[in-house]
Number of protein chains: 2
Amino acid sequence: MLGAMGDMSARLLALLSLLQTPREWPGSELAERLEVSPRTIRRDVDRLRELGYPVQATMGAVGGYRLAAGAAMPPLLLDDEEAVAIAVGLRTAAAHPVEGIDEASVRALAKLEQVLPSRLRHRVGALAAATVPMLAGAEAPVDPRTLVVLAGAAANRERLRFAYRSGDGAETRRLTEPYRLVAAGRRWYLLAYDNDRDDWRIFRADRIGDPHATGVRFPARVPPDQDPAEFVAAKLYSSAPVYEVVATLRLPAGQAAQRLGAAAGSVEPIDDHSCRLRGRADTLEWLASRLLMLGCEFEVHEPPELRAYLRALIARAARASAS
Amino acid sequence: MLGAMGDMSARLLALLSLLQTPREWPGSELAERLEVSPRTIRRDVDRLRELGYPVQATMGAVGGYRLAAGAAMPPLLLDDEEAVAIAVGLRTAAAHPVEGIDEASVRALAKLEQVLPSRLRHRVGALAAATVPMLAGAEAPVDPRTLVVLAGAAANRERLRFAYRSGDGAETRRLTEPYRLVAAGRRWYLLAYDNDRDDWRIFRADRIGDPHATGVRFPARVPPDQDPAEFVAAKLYSSAPVYEVVATLRLPAGQAAQRLGAAAGSVEPIDDHSCRLRGRADTLEWLASRLLMLGCEFEVHEPPELRAYLRALIARAARASAS
DNA sequence: GTCATCTAGGTCAGGTCATGACCTACATGG
DNA sequence: CCATGTAGGTCATGACCTGACCTAGATGAC
């Protein structure tokens, strides 16, 4: 009985960490590692079970303990490399948001970055920079730190001040009551009540500069009656220029849907090896690259601008392949 | 003193969970939530600090507690949505591995999926399916579960049995001692000692079917003297067909490097608005789409196959844009 | 079948240590 | 200067954690 008590919490955490490993741990080995008697290990396992973490035990000569899936998430105990991997993954997820977990992934990123040791933070930055910007193309991706600040202020109901440059390049300072961060299409939008204009507004996150919470809490305001995501979608399609695309793909409908992903639009089968795609996007580059990368023959019916863009691409490729 | 002790560990965990929130918590509020006296909260904070988690306290009338970045990663306490978001992020990270954190991201995914409640697992599956397969194009991405099994067996040093279909379509069963999972280029490879062939081999993870650990542990074998990643790279470039690309881009070198990412190859400036790209890739589709999506004029010098492929792409785009 | 090896759990003694109550000291912003 | 927050000392009480015994049951190797 050398170590004082008080380290029981630390021991439980260490135990949880060991049990999250894919292998099975015999009680004797756990006792040795944690420097307590096997009896105490058994009691600790019981304690974990009482806390709701289902420790599975296989009996017999090759038995051992391991943590199984339970009703609630246990605390994740990550080593340095795993933490960096998750941070990098979440940052690229923030650059290519998936609808449905948009704000949750930013919350998770905020949580992680808040406690990430600084030496690891450097590695995250370096690796995220080396990550292929994927389909971002020529557009500047959003700064993940901006997203973290926006989501934090919304969750915390703190007034938010930032500089906003609108589509025509004009830059204004805004004071807002942030309500929610929403991913629509492949962009991030902040839905907030604009205190100067006295109305609900949506702001593109990549156009927000230098955001910071003022520290002033505001009372919950009655949000617009629609679902936040729908509200943003409605505002977008009514204001921003959007291309509606109609194309025929020489690809079975199932494969097309799988390769395009759910957000691309609707895919209806024409026959066994063709289908019709209807969708919307806000840039021609995006549309063209998605279609070309399908790797199948296709025909564009709408919009005419896309056909023009494809012809420009042809010309470029022709010049590129000329000897 | 109603609740028995023993819940001190649970309380510390709950406290840690609250402190990971972006906001600041006054001690009185924490005491109320956790149903203990403020004095106990102060002691708990001290305990956390002794455990190495730096709880920051701002003094004064608007003070409060929050968890700051420390020397080690504290246990991450995630709610359901955050866990799903991380799982989805890691799965897409597994589909587009970043060199340097390759095996760590799979380890993290294994850890998370081991304890992920089943109801959440369904949501992860659905969302991951809806995720845009990005640059995967026509190729079948690796099954994340396969990666998890491979990495687990390697970490655990368990013999691994699987079916392998080689490039020419032949399917064989293998018994191996897995050493490491490595990402090279944009693919996953397993470096393992093949027990039947008595030599080190590398296996493409997407060609591995139905892998399962036999449960038999094997003693550590002397690995090949190179670094695993280098070993894989050497084997690859000596055996697999690889295209070496040389192209001139009408884009400043800095921008090109940023848009292409570090793994694309080397970029040397020619003048202020042009640069030369040298790199290697194993499929023409990949090369062509990366170049076209740069959104700039470019000229391909090598290989001739890429020029031919671009001409085919031209033909397809021409047909697609024909009325 | 038999034995080794693992989980599972009961009991007991001893003393550590967590708790709440009450206290003072100090920092901060209005 | 006062309200409100963190920071920390002290004390009595008793809950409970620990290791050292013990038996029971399951499982796989020999």
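These values consider heavy atoms only, across backbone and side chains, with no hydrogens, waters or symmetry-generated copies. Predicted model, so just to flag it, every value in this text is computed and none were measured.
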Please state how far atom CG in B:L34 lies from atom P in C:dA18, giving the value in whole angstrom units.
17 Å
Divergence of helical axes at both termini of the helix from C:dG1-D:dC30 to C:dG30-D:dC1 - five pairs an end, 10° steps:
60°
Over how many whole Å does the gap from A:R11 atom CZ to C:dT16 atom P extend?
17 Å
A:T40 side chain near D:dG19 phosphate (N/O to OP1/OP2, under 4.0 Å)
yes
Whether B:E82 side chain and B:D79 backbone form a donor-acceptor pair below 3.5 Å
yes
Starting at atom CD of A:E35, determine the distance to atom P of D:dC17, rounded to an integer number of angstrom.
20 Å
Find the distance A:D44:CG to D:dG19:C1' and express it as a whole number of Å.
13 Å
List every contact pair, protein side and nucleotides 6-8 of chain D side both N or O, where the distance is under 3.5 Å.
residue : atom : partner : partner atom : Å
D:dT6   : OP1  : B:G27   : N            : 2.3
D:dA7   : OP2  : B:R49   : NH2          : 3.3
D:dA7   : OP2  : B:Y65   : OH           : 2.9
D:dG8   : N7   : B:R42   : NE           : 3.3
D:dG8   : O6   : B:R42   : NH2          : 2.9

With side-chain hydrogen bond (donor to acceptor under 3.5 Å, both in side chains) as the rule and sequence neighbours excluded, what pairs involving residues 55-64 of chain A come up?
A:E24-A:T58
By side chain to side chain contact (heavy atoms under 4.5 Å, CB included), which residues pair with A:S28, not counting sequence neighbours?
A:P26
Considering residues at least two apart in sequence or located in another chain, which fulfil the salt bridge (Lys or Arg N to Asp or Glu O under 4.0 Å) criterion with B:E35?
none
Side-chain ion pair, B:E177 and B:R157, N-O less than 4.0 Å
no
Under 4.0 Å from OP1 or OP2 of D:dT18: is there any side-chain N or O of A:R47 that close?
yes
Between A:Y65 and A:W25, does the ring centre distance come in under 6.0 Å?
no
Starting at CE of B:M8 and ending at P of C:dT16, how long is that distance when rounded to a whole Å?
17 Å
Would you mind reading off the distance between B:E32 atom CD and D:dT4 atom C1', rounded to a whole angstrom?
16 Å
Output the rounded distance in Å from CG (A:L48) to P (D:dC17).
13 Å
Results of side chain to side chain contact (heavy atoms under 4.5 Å, CB included) for A:A154 - residues two or more places apart only
A:P178
Using whole Å, report how far CZ of A:R43 lies from C1' of D:dC21.
12 Å
For residues B:R11 and B:S9, is any side-chain donor paired with an opposing acceptor at under 3.5 Å?
no
Would B:D44 and B:R47 pass as an ion pair if we require N to O under 4.0 Å?
yes
